[in-house]
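My structure is below; once you've seen it, I'll send some questions.
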Number of protein chains: 2
Amino acid sequence: MVDATTTGNDVLSEASGRFVDGYLAYLLAQASSRISREFHREVEASGLSVTEWRVLASLSGSDGESIGTLAQLALTKQPTLSKVVQRMEADGLVERTGARRDRRQTLVRLTRKGRGLADSLCAHALRHQQAVLEPFGHDNAALLIGMLKDLIALHPPAAPLADGG
Amino acid sequence: MVDATTTGNDVLSEASGRFVDGYLAYLLAQASSRISREFHREVEASGLSVTEWRVLASLSGSDGESIGTLAQLALTKQPTLSKVVQRMEADGLVERTGARRDRRQTLVRLTRKGRGLADSLCAHALRHQQAVLEPFGHDNAALLIGMLKDLIALHPPAAPLADGG
DNA sequence: TCTTTTTCCATGAATTTTCATGTTTTCCAT
DNA sequence: ATGGAAAACATGAAAATTCATGGAAAAAGA
């Protein structure tokens, strides 16, 4: 098992080699990219783009999100997301309903078909996650996830959305 | 200070709320995006795109990298990187030299101008990183970085490059 | 109430990225 | 050696993303 407490000497004051090899933002981006790449094959095998999968995942366990919220969750700009959602609506994966509370908003919800696909992919994703975290052991895995959540909580999104995003 | 050892109860068996809120790949992507966004304003103030900054950062502390390696480091596809490097060459930030060892490769190196800009931005980046990690304390920060490096080491890049990426 | 300002989303234009493919060089097995 | 397969990169066409902008609804102020 990987023992995070004994990884290298002082990983912070990185004195040698490429700059990026000790740079947090790079490590996060690289880890994100590599961890996701494997699963994204499954996603594309389902006929979805990565962005479309992110939308499905973001809507899983929710009974509707606005375009703006989805853009933040899916890490894209709002115009991008408007167009992705339109494609997904044409494919019968989501439906767009004018929200009751605020008629400016477009509320996006999973259709039955979309929920089926989302559930299937999410289950797959969780199995993949388990495999990824297995070498770390339960405690270190929880530590990692906790710290990522802390990082996220400490850095609010660009346009402060109602709550804390 | 954030105490990662007491963050929530069991962050793994996430039973409530949106699927993504407990999903490692999402947390990595979201954290990466949010941490970087702040600094990317500095980058764009320097007249660089994010991808161009990634190339500069990847070349910092190196005396030349191939197009393929840079594509991996900068998290883009090879054709994208070829074009970005051409723009950067036109701007006088990098130079492309035929590598000695393998004449198929294009070796990319920082020019004096490029190195100046890269050094300046990297210094800025490290100050930013220090601020980001400060709430975690030295030990937890080292733990986080160590685990990210482990994650990366455990998941090799798509097309196995000579070494270990 | 009636502006004035802000928020939320859609859309066309421009940019960026990616896909598909071709060329050149290297590697490997005869 | 040599012919075939694989690797590295460039490039044109296609697709995706982003920028700039506009309209409609809500919020804020006078």
Side-chain angles (χ1 to χ4, degrees), chain A residues 29 33 36-37 40-41 43-44 47-55 64-91 94-109 157-163 165, chain B residues 29 33 36-37 40-41 43-45 47-55 64-91 94-109 156-163 165:
Chain A
S33 167
S36 301
R37 183 169 37 70
H40 286 171
R41 287 191 201 128
V43 168
E44 279 159 20
L48 293 177
S49 74
V50 170
T51 305
E52 288 166 339
W53 149 242
R54 290 205 181 117
V55 170
E65 300 284 354
S66 71
I67 295 282
T69 300
L70 283 177
Q72 281 189 356
L73 293 172
L75 302 174
T76 71
K77 306 297 184 187
Q78 172 264 310
T80 303
L81 204 95
S82 287
K83 290 165 188 176
V84 170
V85 163
Q86 284 166 25
R87 276 203 298 271
M88 296 178 71
E89 186 178 35
D91 292 343
V94 302
E95 58 187 2
R96 297 191 298 169
T97 83
R100 286 167 303 204
R101 295 175 57 86
D102 184 337
R103 286 189 321 203
R104 289 170 304 181
Q105 289 190 339
T106 300
L107 203 62
V108 183
R109 239 185 304 202
L161 218 49
D163 202 333
Chain B
S33 166
S36 301
R37 183 169 36 72
H40 286 171
R41 287 190 202 129
V43 169
E44 278 158 21
L48 294 176
S49 74
V50 170
T51 306
E52 287 165 339
W53 150 242
R54 290 204 180 117
V55 171
E65 300 285 353
S66 71
I67 294 281
T69 300
L70 283 178
Q72 280 189 358
L73 292 172
L75 302 174
T76 71
K77 306 295 183 187
Q78 172 265 310
T80 303
L81 204 94
S82 287
K83 290 165 189 177
V84 170
V85 164
Q86 285 166 22
R87 275 203 298 273
M88 294 177 72
E89 187 178 34
D91 292 343
V94 302
E95 58 186 3
R96 297 190 299 167
T97 85
R100 286 166 303 204
R101 296 175 56 85
D102 185 338
R103 285 190 322 206
R104 291 170 301 179
Q105 289 190 340
T106 299
L107 203 62
V108 183
R109 238 186 305 203
L161 219 49
D163 201 335

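Just so it is clear, the model here is predicted, and its values are computed rather than measured. Quick note on labels: first sequence line is chain A, next is B, and so on, each numbered from 1.
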All N/O pairs under 3.5 Å across the protein-nucleotides 9-14 of chain C interface:
from   : atom 1 : to       : atom 2 : distance (Å)
C/dC9  : OP1    : A/Ile67  : N      : 3.2
C/dC9  : OP1    : A/Thr106 : N      : 3.3
C/dC9  : OP2    : A/Gly68  : N      : 2.9
C/dC9  : O3'    : A/Thr106 : OG1    : 3.0
C/dA10 : OP1    : A/Arg96  : NH1    : 2.6
C/dA10 : OP2    : A/Ser82  : OG     : 2.6
C/dA10 : N7     : A/Gln78  : NE2    : 2.8
C/dA10 : N6     : A/Gln78  : OE1    : 3.4
C/dT11 : OP2    : A/Gln86  : NE2    : 3.4
C/dG12 : O6     : A/Lys83  : NZ     : 2.8
C/dA13 : N6     : A/Lys83  : NZ     : 3.4

List in chain and number order the residues that pass salt bridge (Lys or Arg N to Asp or Glu O under 4.0 Å) with A/Arg87, two or more places apart in sequence or in another chain; answer none if no residue qualifies.
A/Glu52
Between atom NZ in B/Lys77 and atom P in D/dG12, what is the gap in whole Å?
22 Å
Using a 3.5 Å cut-off and no angle test, enumerate the donor-acceptor pairs between side-chain atoms of residues 102-109 of chain B and protein atoms at least two apart in sequence or in another chain.
from     : atom 1 : to       : atom 2 : distance (Å)
B/Asp102 : OD1    : B/Arg104 : N      : 2.9
B/Asp102 : OD1    : B/Arg104 : NE     : 3.1
B/Asp102 : OD2    : B/Arg104 : NE     : 3.3
B/Asp102 : OD2    : B/Arg104 : NH2    : 2.7

If I take atom CZ in residue A/Arg101 and atom P in nucleotide C/dT7, what distance separates them, rounded to the nearest angstrom?
17 Å
Separation of C/dT18 C1' from A/His40 NE2 (nearest whole Å)
16 Å
Under the side-chain contact (heavy atoms from CB on, under 4.5 Å) test, residues paired with B/Asp91 that sit two or more places apart:
B/Leu93
When all nucleic acid strands are considered with a 4.0 Å heavy-atom cut-off, which category describes B/Thr51: base, sugar-phosphate, or nothing?
sugar-phosphate
Does anything in residues 65-75 of chain B form a salt bridge (Lys or Arg N to Asp or Glu O under 4.0 Å)? List the pairs, not counting sequence neighbours.
A/Arg18-B/Glu65
Step-by-step side chain to side chain contact (heavy atoms under 4.5 Å, CB included) determination, B/Thr76 to B/Val84:
CA-CA 10 Å; B/Thr76 71; B/Val84 170; over 6 Å; no
Close N/O contacts between protein and nucleotides 1-5 of chain D (under 3.5 Å):
none

Figure out the CG/P separation between B/Leu75 and C/dT16, and round it to whole Å.
18 Å
Encoded 5' to 3' (Watson-Crick or G-U under 3.5 Å; [ ] crossing; | other strand), DNA chain C becomes ||||||||||||||||||||||||||||||
Please give, in whole Å, the distance from D/dA8 C1' to B/Gln72 CD?
13 Å
Nearest-Å distance for atom pair CZ/C1', residues A/Arg87 and D/dT17:
10 Å
Using the test side-chain contact (heavy atoms from CB on, under 4.5 Å), find all partners of B/Ser33 that sit at least two apart in sequence or belong to another chain.
A/Leu75
Can you sort out the partners of B/Lys83 under side-chain contact (heavy atoms from CB on, under 4.5 Å), two or more places apart, ordered by chain and number?
none
Rounding to a whole Å, what distance do you find between A/Glu44:CD and C/dT18:P?
11 Å
Return the set of residues passing side-chain hydrogen bond (donor to acceptor under 3.5 Å, both in side chains) with B/Glu89 (not counting sequence neighbours), or none when no residue passes.
B/Arg96
Among residues at least two apart in sequence or on other chains, which ones pass side-chain hydrogen bond (donor to acceptor under 3.5 Å, both in side chains) with B/Gln78?
B/Ser82
